[in-house]
2 protein chains.
Amino acid sequence: MTQFGTYVNTARRRLQEHDRRYSLRQVARRIGVEPGYLSKIERGQVAPPSEAATVRLAKELDQDADVLLALGGKVSSDLQDVIRKRPRLFAQLIRELKQAPDHAILRIVREVRDGDW
Amino acid sequence: MTQFGTYVNTARRRLQEHDRRYSLRQVARRIGVEPGYLSKIERGQVAPPSEAATVRLAKELDQDADVLLALGGKVSSDLQDVIRKRPRLFAQLIRELKQAPDHAILRIVREVRDGDW
DNA sequence: CGTCATGTTTCCTAAACACTACACATTCCC
DNA sequence: GGGAATGTGTAGTGTTTAGGAAACATGACG
């Protein structure tokens with residue numbers, strides 16, 4: 001349930017070992033939340049923070065924002081925007097890809113990036 | 001701003017012309033909300049309803065749920081679930097497809113459906 | 001030893017979300 | 001013309017979200 005907190009705590013402590021600027025308090029200050037709040041987040045005492053705070057936290061801890069958002073039960077709003085602009089199309093695509101293996105999706109990504117349409 | 005309300009009102013009134021079971025009150029009753037609430041929704045006096053209510057409304061009015069959700073500023077939670085399970089992969093894919101033309105996405109949908117991986 | 005920084009605990013809250021309750025005026029229609 | 005049904009207006013409610021404030025206990029260390 002609190003994958004999020006553990007993940008953040010682990011990532012932060014890993015950085016803290018080599019650099020004491022990664023104390024809970026200092027990280028909290030840099031991402032703009034109260035230490036008490038970050039403490040509760042790390043121990044899963046409260047729900048994961050807002051999208052904005054999650055993204056700042058991910059950057060601070062050098063983690064992938066989409067992954068951290070996912071752990072927080074969220075999907076980046078810029079992705080949602082893309083879907084909301086063409087809902088039928090993207091809904092169909094995503095549902096189709098639900099069971100596709102990773103490599104198939106990666107292949108598509110590459111195809112699209114190499115612009116072969 | 002209130003695309004949603006207009007869309008619902010239009011769809012409902014179109015049905016109501018031929019079938020008086022599609023009065024605001026009866027539709028409200030069938031989808032399980034108060035008439036006053038649906039009235040305000042249709043006139044954009046309140047924000048679009050929850051995901052669940054939106055889906056019931058779409059079904060009732062024979063509309064595409066993903067489209068109606070999009071008008072309400074939402075993305076179906078089952079799509080979000082798919083993304084949240086493989087955030088990196090889907091984030092990459094969707095951002096890549098952001099600017100792709102419709103036909104290119106449709107082609108991918110077809111390719112995937114015809115299971116050629 | 002003192003003080004500085006660290007992590008934690010308790011209590012509180014402002015705003016947003018998702019509605020309900022119910023009275024009211026109007027229109028349908030038999 | 002009178003009851004039933006329709007749409008609307010006003011007010012208020014419970015819940016969730018996303019935190020802040022401040023005090024507390026613990027340890028580091030110069």
Side-chain angles (χ1 to χ4, degrees), chain A residues 1-2 4-58 60-61 65 68-69 71-77 80, chain B residues 1-2 4-58 60-61 65 68-69 71-77 80:
Chain A
M1 287 302 126
T2 174
F4 188 92
T6 320
Y7 187 91
V8 169
N9 182 264
T10 305
R12 184 180 61 75
R13 291 234 318 278
R14 195 142 45 212
L15 291 169
Q16 193 182 17
E17 273 178 36
H18 305 292
D19 187 340
R20 61 196 169 309
R21 288 174 319 181
Y22 286 91
S23 74
L24 185 149
R25 266 170 189 271
Q26 293 196 39
V27 168
R29 200 171 43 72
R30 284 197 297 273
I31 68 168
V33 302
E34 292 295 310
Y37 184 44
L38 182 53
S39 170
K40 282 178 283 186
I41 287 170
E42 287 195 355
R43 284 166 308 110
Q45 273 207 13
V46 297
S50 67
E51 178 179 345
T54 301
V55 170
R56 293 196 304 271
L57 189 49
E60 180 63 33
L61 302 181
L68 200 58
L69 283 169
L71 289 174
K74 301 193 162 89
V75 170
S76 175
S77 58
Q80 300 202 36
Chain B
M1 285 302 126
T2 170
F4 189 91
T6 319
Y7 188 91
V8 168
N9 181 264
T10 305
R12 185 181 61 74
R13 290 236 317 278
R14 194 143 45 213
L15 291 168
Q16 193 182 18
E17 273 178 36
H18 305 293
D19 188 340
R20 63 194 166 306
R21 288 175 317 183
Y22 286 91
S23 74
L24 184 150
R25 266 172 191 273
Q26 292 196 40
V27 168
R29 199 171 44 70
R30 285 198 296 274
I31 69 168
V33 303
E34 292 295 310
Y37 185 43
L38 181 53
S39 171
K40 281 176 285 186
I41 288 171
E42 287 195 355
R43 286 167 306 114
Q45 275 207 12
V46 297
S50 67
E51 177 178 347
T54 301
V55 170
R56 294 198 303 273
L57 189 50
E60 180 62 33
L61 301 181
L68 201 56
L69 283 169
L71 289 175
K74 301 192 162 90
V75 170
S76 175
S77 60
Q80 300 201 37

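Protein chains get the first letters and strands the later ones, always in sequence-line order, with residue 1 at the start of each. Remember, it's a predicted structure, so these values are computed and weren't measured experimentally.
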Per-nt protein contacts along nucleotides 13-30 of chain D (heavy atom under 4.0 Å; B base, S backbone sugar-phosphate only, - none) come out as -----SBBS---------

Supply the atom-to-atom distance A/Q80 CD to B/S76 OG, rounded to the nearest 0.5 angstrom. 10.5 Å

Checking side chain to side chain donor-acceptor pair (under 3.5 Å) between A/E42 and each of A/N9, A/T6, A/T10, which is the one that passes? A/N9

Whole-Å distance, B/E42 CD to D/dT8 C1', equals 12 Å

Here the residues of residues 9-21 of chain A within 4.0 Å heavy-atom distance, strictly under, of DNA chain D are none

From CD1 of B/I41 over to P of D/dG9, roughly how many Å is that when rounded to an integer? 15 Å

Base, sugar-phosphate alone, or nothing: which one does B/Q45 contact when heavy atoms must sit under 4.0 Å apart? sugar-phosphate

Does a side-chain N-to-carboxylate-O contact under 4.0 Å join B/E60 and B/R30? yes

Without hydrogens or angle criteria, can the side chains of A/S39 and A/R43 be said to hold a donor-acceptor pair below 3.5 Å? yes

Rounded to the nearest 0.5 Å, the CD atom of B/E51 sits from the CZ atom of B/R56 at a distance of 11.0 Å

Can you measure from CG (B/L15) to CZ (B/R20) and round to the nearest 0.5 angstrom? 14.5 Å

Are any of B/S23's side-chain N or O atoms less than 4.0 Å away from OP1 or OP2 of D/dA5? no

Nearest whole Å is fine: how far is C/dT6 P from A/R43 CZ? 17 Å

Hey, could you give me the OG1/CG distance between A/T54 and A/L71, rounded to the nearest 0.5 Å? 10.0 Å

Point-to-point distance, once rounded to the nearest 0.5 Å, from CG of B/L61 to CD of B/Q16: 11.0 Å

Nearest whole Å is fine: how far is C/dG7 C1' from A/L38 CG? 10 Å

If you compare every side-chain N and O of B/Q26 against the phosphate oxygens of D/dT6 (OP1, OP2), does one of them come in below 4.0 Å? yes

